[in-house]
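Shown next, in structure tokens, is the structure this report addresses.
Below, read A as the first sequence line, B as the second, and so on, with proteins coming before strands; counting in each chain starts at 1.
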Amino acid sequence: MVARKAFEPETRPDFFRDVYEVVKLIPRGRVTSYGAIAAYLGTKMSARMVGWAMNASPAGVPAHRVVNRNGLLTGKHHFPTPYTMQQLLEQEGIKVENDRVVDFKRVFWDPSGELP
DNA sequence: AACGTGACACAGC
DNA sequence: AGCTGTGCCACGT
């Protein structure tokens with residue numbers, strides 16, 4: 001599990017790796033926000049780092065499922081083509097309109113596991 | 001070794 | 001109401 005402590009003095013946890021694990025855990029047809037991931041890892045890490053992590057996201061990490069709190073596809077510009085992100089999302093059943101996830105609240109997935 | 005950058009978020013104005 | 005400024009912390013130069 002990725003539920004390790006945010007930062008251990010002795011250990012040097014790869015923030016990125018943790019982020020990747022969380023992102024990989026995002027169910028198909030769902031999205032999450034940078035802030036949610038950051039919060040899950042412990043508010044220590046600012047949401048910006050999540051973005052950086054995505055920047056280095058290796059293959060297998062559905063970065064397209066990570067959007068900003070606004071539901072905006074802020075990172076689409078970083079994909080091979082600006083359409084890639086939207087295409088991937090729509091491919092998973094997520095409707096995207098005007099670079100924004102439709103019913104973002106509905107498809108939003110909380111890394112904590114959608115606690116009841 | 002320091003400064004600037006960055007796919008965000010929140011408080012203030 | 002939206003826009004501006006500040007905080008967050010690792011990575012790149």
Side-chain angles (χ1 to χ4, degrees):
Chain A
M1 250 319 239
V2 286
R4 62 165 90 264
K5 295 215 159 176
F7 307 103
E8 283 275 337
E10 300 199 348
T11 315
R12 208 159 263 246
D14 327 25
F15 314 93
F16 290 28
R17 203 199 67 155
D18 282 352
V19 174
Y20 302 149
E21 286 191 48
V22 177
V23 175
K24 284 187 201 167
L25 288 174
I26 302 175
R28 180 178 162 291
R30 290 279 170 99
V31 297
T32 192
S33 68
Y34 304 92
I37 297 171
Y40 177 67
L41 296 177
T43 338
K44 315 284 190 191
M45 183 161 62
S46 58
R48 279 192 165 148
M49 284 292 74
V50 180
W52 251 125
M54 296 291 99
N55 186 5
S57 62
V61 179
H64 58 274
R65 290 184 189 151
V66 184
V67 297
N68 72 346
R69 191 203 167 298
N70 228 355
L72 261 188
L73 309 186
T74 49
K76 70 169 186 178
H77 228 241
H78 275 254
F79 279 77
T81 70
Y83 300 94
T84 308
M85 192 169 191
Q86 179 169 340
Q87 284 277 269
L88 289 169
L89 289 172
E90 288 185 337
Q91 184 177 313
E92 298 186 352
I94 301 173
K95 289 174 185 162
V96 178
E97 200 167 291
N98 209 3
D99 298 340
R100 187 180 77 79
V101 175
V102 178
D103 292 329
F104 176 60
K105 273 172 27 175
R106 213 188 299 223
V107 295
F108 178 78
W109 176 78
D110 195 326
S112 303
E114 292 183 333
L115 301 168

Would you be so kind as to tabulate the donor-acceptor pairs closer than 3.5 Å made by side chains of residues 70-77 of chain A, with sequence neighbours excluded?
{"residue": "A/Lys76", "atom": "NZ", "partner": "A/Asp99", "partner atom": "OD1", "Å": "3.1"}
{"residue": "A/Lys76", "atom": "NZ", "partner": "A/Asp99", "partner atom": "OD2", "Å": "2.4"}

Separation of atom OH in A/Tyr34 from atom C1' in C/dC9, rounded to whole Å:
17 Å
Identify which nucleotide among B/dT5, B/dA7, B/dA9 has an atom closest to any side-chain atom of A/Asn55, counting heavy atoms from C-beta outward.
B/dA7
In chain order, what residues pass the ring-ring contact (aromatic ring centres under 6.0 Å, His included) check against A/Tyr20, with sequence neighbours excluded?
none
In whole angstrom, give the distance that lies between atom OH of A/Tyr40 and atom C1' of B/dA9.
21 Å
Distance in angstrom units between A/Leu89 CG and B/dA7 C1', rounded:
13 Å
Starting from P on C/dC11, measure out to CE on A/Met49 and report it in whole angstrom.
7 Å
Donor-acceptor pairs under 3.5 Å, side chain of residues 31-39 of chain A to any protein atom, not counting sequence neighbours: which ones?
{"residue": "A/Thr32", "atom": "OG1", "partner": "A/Trp109", "partner atom": "O", "Å": "3.0"}
{"residue": "A/Ser33", "atom": "OG", "partner": "A/Ala36", "partner atom": "N", "Å": "3.2"}
{"residue": "A/Tyr34", "atom": "OH", "partner": "A/Val66", "partner atom": "O", "Å": "3.4"}

Can you name the residues that form a side-chain hydrogen bond (donor to acceptor under 3.5 Å, both in side chains) with A/Glu90, not counting sequence neighbours?
A/Gln86
Taking all heavy atoms of A/Phe16 and all of A/Trp52, pick out the closest pair and write down the distance.
CE2-O, 3.9 Å
Using a heavy-atom distance cut-off of less than 4.0 Å, which residues of residues 58-83 of chain A contact DNA chain B?
A/Ala63, A/Asn68, A/Arg69, A/Thr74, A/Gly75, A/His78, A/Phe79
Which nucleotide in the list B/dA7, B/dT5, B/dA9 gets nearest to the side chain of A/Ser57?
B/dA7
Rounded to the Å, how far apart are A/Ile37 CD1 and B/dG6 C1'?
16 Å
Side-chain contact check for A/Ser33: nearest option of B/dA9, C/dC9, B/dA7 is B/dA9
Residue pairs, two or more places apart or on separate chains, that pass ring-ring contact (aromatic ring centres under 6.0 Å, His included) and touch residues 84-107 of chain A
A/Phe104-A/Phe108
